[in-house]
Trainee: 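This is the structure I want to talk about, given as structure tokens.
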Amino acid sequence: MIFSKRVSGLQESATLKINAIANQLKLEGKTIINLTAGEPDFPAFDEAKKAVIEALEKNLSKYTPTPGVPELRELVAKKTNLQQPSLGAKPWKPSDVMVTNGGKQALFDVILTLIDQGDEVLIPAPFWLSYPEMVKVAEGVSVYIPSTFESHYKINSTDLKKSITPQTKMLIINSPCNPTGATYSKSELQDLGKVLESFPKIWIVSDEIYDRIDYTSEGWISFLEACPQLRDRTITVNGMSKSGAMTGWRVGWSVSPESVTSKLNALQGHSTSGICSLSQAAAIATLKLPPERFEVQRKEYLNRRNLALELLRKSAKIRVDEPHGAFYFFIDLSGVFVGNKTEQDANDFVQALLKDEQVAVVSGVDFGAPKCIRISFATDLKTLLSGCQKIVDYCEKF
Ligand SMILES: Cc1ncc(COP(=O)(O)O)c(C=O)c1O
């Protein structure tokens, strides 16, 4: 075996796999309706672009401090404190912030820093497909907590309690959730928090990357705002990819107790160092924008969600819950896999849909939901509605 045990079990991302097939078909001259995107279809804000140009002109081309430039760390601490006012006398300081190459690196570094061989990491399912792969690299064990269409793809305190063992070291919570759009309310988070109070060895990682893309009537809530008593063992992860429409600029961060941040700093210092100086300038400019500037995108996603949902619900064969955050529909195809098709899973459906109808969607297999598919509505309305209509029609004949 030439590869380390650490990487030999790693899976290629399902999203990237289907994208590669869609691109190949495009090269062959086919017109593909691509509903796989895990990224906003908006451009970055003009202020962000201008900040990069200014940074270039000022020759900001040197290494930056490993955990990020002071102004950015300060803005991230400020944003997080605004979202977690219940922390009161123990707000976050800039020194608690670690700026990373996207939220992905923040999650990866946190898992590597806190998980040892055999440690169990609780992951509510369906889940973002990178979590288990990151846990694998850390030689930990992913323990999935199943949720259902009926529970709106959310876990409750009983589900959580049942999954905890003496080996449990971490819970990853992701609200709004990729792939389901499930978004936890304050009381739902508080119920989970009450259980966690009795298990002081469990770290909580709250992945809040979709914080601004929220359609709930009560408004999105940060985990620590609901459970401030868990401050000293919670790591909040966020970034500019989704809310700032800056996926390619790679700006994310973690906010954690200072003892954890200093280890993250050591790890990043020997791996990637501080992130791109120009991207940090863009993030500073974006974080300074008033909240209403982000509303334009949110309202557009909401409009698309409502119109596409109406269309998808015309099919009696599929079940789709209303997503309360992020920009995905998670569609249950169990009603399609009936009769002699019960052996089939979403991978079969996704490949057939792409081949027969030239519509690309992501299979739920790697998200821990083999009978589901994920559709992104981060695409223009015309493409979205035409793709959804084709999916509804295809489900009738599959
Ligand atoms: C749930 C979730 N967390 C984290 C990330 C990482 O985002 P990025 O590394 O682009 O900041 C993504 C990206 O798709 C995501 O969907």
Side-chain angles (χ1 to χ4, degrees), residues 12-19 35-42 44 48 68 72 76 79 97-112 121 123-135 142 144 147 153-154 170-184 204-214 220 222-223 235-255 264 268 271-272 275-276 279-280 282-283 286-287 301 323-330 362 364 366-369 374-379:
E12 193 193 340
S13 152
T15 327
L16 299 181
K17 236 186 297 178
I18 195 76
N19 250 320
L35 303 181
T36 64
E39 59 184 342
D41 54 321
F42 297 98
L72 179 52
V76 170
K79 169 186 162 73
V97 174
M98 186 73 209
V99 178
T100 54
N101 285 286
K104 202 175 241 178
Q105 191 193 3
L107 290 160
F108 188 75
D109 287 355
V110 166
I111 290 170
L112 264 193
V121 179
I123 304 177
F127 44 81
W128 183 48
L129 42 76
S130 289
Y131 300 141
E133 302 305 308
M134 292 175 181
V135 172
S142 292
Y144 304 117
S147 69
Y153 296 117
K154 290 190 254 192
M170 182 182 282
L171 165 71
I172 302 179
I173 193 100
N174 173 216
S175 170
C177 171
N178 174 10
T180 62
T183 305
Y184 286 79
I204 300 102
V205 176
S206 182
D207 179 352
E208 306 188 351
I209 197 94
Y210 293 96
D211 62 344
R212 289 199 200 261
I213 307 172
D214 157 61
W220 172 83
S222 174
F223 178 81
I235 296 108
T236 304
V237 171
N238 207 327
M240 300 306 330
S241 288
K242 316 294 175 174
S243 59
M246 282 168 52
T247 44
W249 298 21
R250 312 309 299 133
V251 186
W253 56 77
S254 57
V255 181
L264 294 171
Q268 185 160 303
S271 51
T272 58
I275 76 160
C276 170
S279 297
Q280 293 189 66
T286 306
L287 283 171
Y301 290 134
H324 288 132
F327 38 63
Y328 309 105
F329 291 115
F330 204 57
V362 183
D366 292 353
F367 294 117
R374 190 194 78 177
I375 295 181
S376 162
F377 48 93
T379 193

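Numbering of ligands and ligand atoms starts at 1, following listing order. Side-chain atoms are counted along with the backbone in the values below, which use heavy atoms only and exclude waters and symmetry mates.
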Trainee: What do the steps show when you test Y144 against F127 for ring pair (Phe, Tyr, Trp, His ring centres under 6.0 Å), and what is the final call?
Mentor: CA-CA 9 Å; Y144 304 117; F127 44 81; 4.7 Å; yes

Trainee: Look up atom CZ in R250 and atom OG in S279, then write down how far apart they are to the nearest 0.5 Å.
Mentor: 9.5 Å

Trainee: Starting from atom 2 (C) of ligand 1, which protein heavy atom do you reach first, and at what distance in Å?
Mentor: D207 OD2, 3.4 Å

Trainee: Indicate, as side chain, backbone, both or neither, the part of E39 found under 4.0 angstrom from ligand 1 when only non-hydrogen atoms are considered.
Mentor: neither

Trainee: Need the ligand 1 atom indices (1-based, order shown) with element for anything under 4.0 Å from a heavy-atom of G102.
Mentor: 9 (O), 11 (O)

Trainee: May I ask you to decide whether K79 forms a salt bridge with D211, counting only side-chain N to carboxylate O separations under 4.0 Å?
Mentor: yes

Trainee: Are Y301 and Y210 close enough that their ring centres sit under 6.0 Å apart?
Mentor: no

Trainee: Quick check on the 6.0 Å ring-centre criterion: do Y153 and F330 meet it?
Mentor: yes

Trainee: Which is closest to atom 13 (C) of ligand 1 by heavy-atom distance: M246, E208, K242?
Mentor: K242

Trainee: Touching ligand 1 at all, T247? Heavy atoms, strictly under 4.0 Å?
Mentor: no

Trainee: Has ligand 1 got any nitrogen or oxygen that is less than 3.5 angstrom from a nitrogen or oxygen of R250?
Mentor: yes

Trainee: Take every heavy atom of G239, measure it against each atom of ligand 1, and state whether any distance is under 4.0 Å.
Mentor: no

Trainee: Using a 3.5 Å cut-off on N or O atoms only, is Q105 in polar contact with ligand 1?
Mentor: no

Trainee: Is G103 close to ligand 1, meaning an N/O of one under 3.5 Å from an N/O of the other?
Mentor: yes

Trainee: Taking N or O atoms only and a 3.5 Å limit, does N174 qualify as a polar contact for ligand 1?
Mentor: no

Trainee: For Y210, is at least one N or O under 3.5 Å away from an N or O on ligand 1?
Mentor: yes

Trainee: Say whether S222 and E208, considering side chains only, have a donor N or O and an acceptor N or O under 3.5 Å apart.
Mentor: yes

Trainee: Flag N101 as yes when one of its N or O atoms lies below 3.5 Å from any N or O atom of ligand 1, and as no otherwise.
Mentor: no

Trainee: Look at atom 12 (C) of ligand 1 and say which protein heavy atom is nearest, naming residue and atom and giving the distance to 0.1 Å.
Mentor: W128 CZ2, 3.4 Å

Trainee: In Å, rounded to the nearest 0.5 Å, how long is the span from OG of S142 to OH of Y131?
Mentor: 11.5 Å

Trainee: Between Q105 and T100, do the side chains contain a donor N or O and an acceptor N or O under 3.5 Å apart?
Mentor: no

Trainee: With a 6.0 Å cut-off on the ring centroids, do F377 and Y328 count as close?
Mentor: no

